[in-house]
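Working notes, beginning with the structure itself.
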2 protein chains.
Amino acid sequence: MSIDSVHMNVMLKTEAIARLVDVFRQYGYDGTSMAKIAEATGLGKSSLYHHFPGGKEEMATAVLDYLSQCLNTGLLAPLQQSGEPLDRLRAMNRNIDQYYNHGQKACLLAMLAMGESSDRFRTQVSHILNSWIEAIAEVLIEADFEPELARQRAEDAIIQIQGAIILTQGLSTTAPFKRILNHLPETLLQPVIPSGLL
Amino acid sequence: MSIDSVHMNVMLKTEAIARLVDVFRQYGYDGTSMAKIAEATGLGKSSLYHHFPGGKEEMATAVLDYLSQCLNTGLLAPLQQSGEPLDRLRAMNRNIDQYYNHGQKACLLAMLAMGESSDRFRTQVSHILNSWIEAIAEVLIEADFEPELARQRAEDAIIQIQGAIILTQGLSTTAPFKRILNHLPETLLQPVIPSGLL
DNA sequence: GTCTATATTTTGATAGAC
DNA sequence: GTCTATCAAAATATAGAC
């Protein structure tokens, strides 16, 4: 086996996984059938079982691994670069807006975190969510927030994004998602109001 | 057919629907099989098709109708009673905390709003969400907020609740849900900060 | 590595007895 | 109204040729 063929295989498998992200997040774990997977990847069922002997569950696991990498290299990269915290949060926002298509596309994490399939992917989902939260919290800590408050606000950011996606899909309008996302950077960096002002 | 038997049938069918709420919200639409439905209701498949000729889809529709009634009579009732806005929002909160079991139980609306099944239930889901939002907005309007801001904050409430459920399940801890729910009434009624203060 | 063909199980749904 | 028995279709998964 030549080095080239190894690279080719890796590329093709990664390409297949990349396409599976959209399948799983559109149909959910239970709604994703081998037939849909075969169609999306252009591979026959036997080829798929060759690459993923564990079947659908192994594919979903691979998809989560792939998403974890995408999150680190794509979504969270701008958070860890130099620059103003506000600018870095806005850069993340642009990536989020694109990934979720203004809230019209579902979140893979949410799809796999709910339902009976959640047990199998709990560890992976939890790990990815924590990476995301911690990356945001880091920025807030650099902006001089206490670590506990930074973590809390970072969690709030994920909560608002996830909730906005649900409301956007439930109401069939992208307005809530756009509004939430627009306000997110400033909300996260909003100074704590001294209690004496209330 | 006697009047009694009619009442008995209605009761039994409602009882069956009530049990189906938990099935659909636990497994989602695709993950809910007739076998699971039969087990949850204690009825055979043929009996189920007798009551719901449209099969699974008609059951989900009935479940959403039932939830809509529950929302009006149970969840939103305290919002429309007399009393301080803060107390009314807190009463709703107690119902929410119970219904979602501190965020550990999924939201039926979210389960049916996402995935490929969403198309079939879009109208119903949208209607229920709007009822909920408008009921909260009414309270905020009574608390002297402008209608537009009241609607926005009511949407924010749903967003935070839905997002908190996802994070709670994704991180396997009820902490985010409890925190969000605790702060919700005060957050909703928080006075607008005059821009001169910033 | 990919394919065709097939096996096995599960699914949604129906027929017909009681 | 509920049941048993059954159906056709779709699901997951495998065997084996190339």
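Keep in mind it's a predicted model, so treat the numbers as computed, not measured. First the proteins, then the strands, lettered A, B, ... as listed; each starts at 1.
- For the segment residues 19-40 of chain B, the set of residues with a heavy atom within less than 4.0 Å of an atom of DNA chain C comprises B:Thr32, B:Ser33, B:Met34, in numerical order.
- Annotation: side-chain hydrogen bond (donor to acceptor under 3.5 Å, both in side chains) contacts of B:Gln152 (sequence neighbours excluded): none.
- Contact check of residues 113-124 of chain A against DNA chain C (heavy atom, cut-off under 4.0 Å) returns no residues at all.
- Residues that satisfy the side-chain hydrogen bond (donor to acceptor under 3.5 Å, both in side chains) test with B:Ser172, not counting sequence neighbours, are A:Arg122.
- Remark: A:Glu84 pairs with A:Asp87 by the side-chain contact (heavy atoms from CB on, under 4.5 Å) rule, at least two apart or across chains.
- Taking Ile, Leu, Val, Met, Phe, Trp and Tyr as hydrophobic and joining them when side-chain heavy atoms fall under 4.5 Å apart, one finds A:Ile166 in a cluster with A:Met111, A:Met114, B:Met111, B:Met114, B:Ile166.
- Residues satisfying the side-chain contact (heavy atoms from CB on, under 4.5 Å) criterion with B:Glu142, sequence neighbours excluded, are B:Arg88.
- Taking Ile, Leu, Val, Met, Phe, Trp and Tyr as members and joining any whose side-chain heavy atoms lie under 4.5 Å apart, directly or through other members, B:Ile141 forms no hydrophobic cluster with any other residue.
- For B:Ala113, the side-chain contact (heavy atoms from CB on, under 4.5 Å) partners are B:Val125, not counting sequence neighbours.
- Within the structure, side-chain hydrogen bond (donor to acceptor under 3.5 Å, both in side chains) contacts touching residues 28-39 of chain B (residues at least two apart or in different chains) are A:Glu116-B:Lys36, B:Tyr29-B:Arg120.
- Residues satisfying the side-chain hydrogen bond (donor to acceptor under 3.5 Å, both in side chains) test with B:Asn130, not counting sequence neighbours, are B:Arg151.
- With respect to the salt-bridge test (charged N to carboxylate O, under 4.0 angstrom), the residues A:Arg90 and A:Glu186 qualify.
- Applying a 4.0 Å cut-off to non-hydrogen atoms, the residues of residues 43-61 of chain B that approach DNA chain D are B:Leu43, B:Gly44, B:Ser46, B:Ser47, B:His50, B:His51, listed by residue number.
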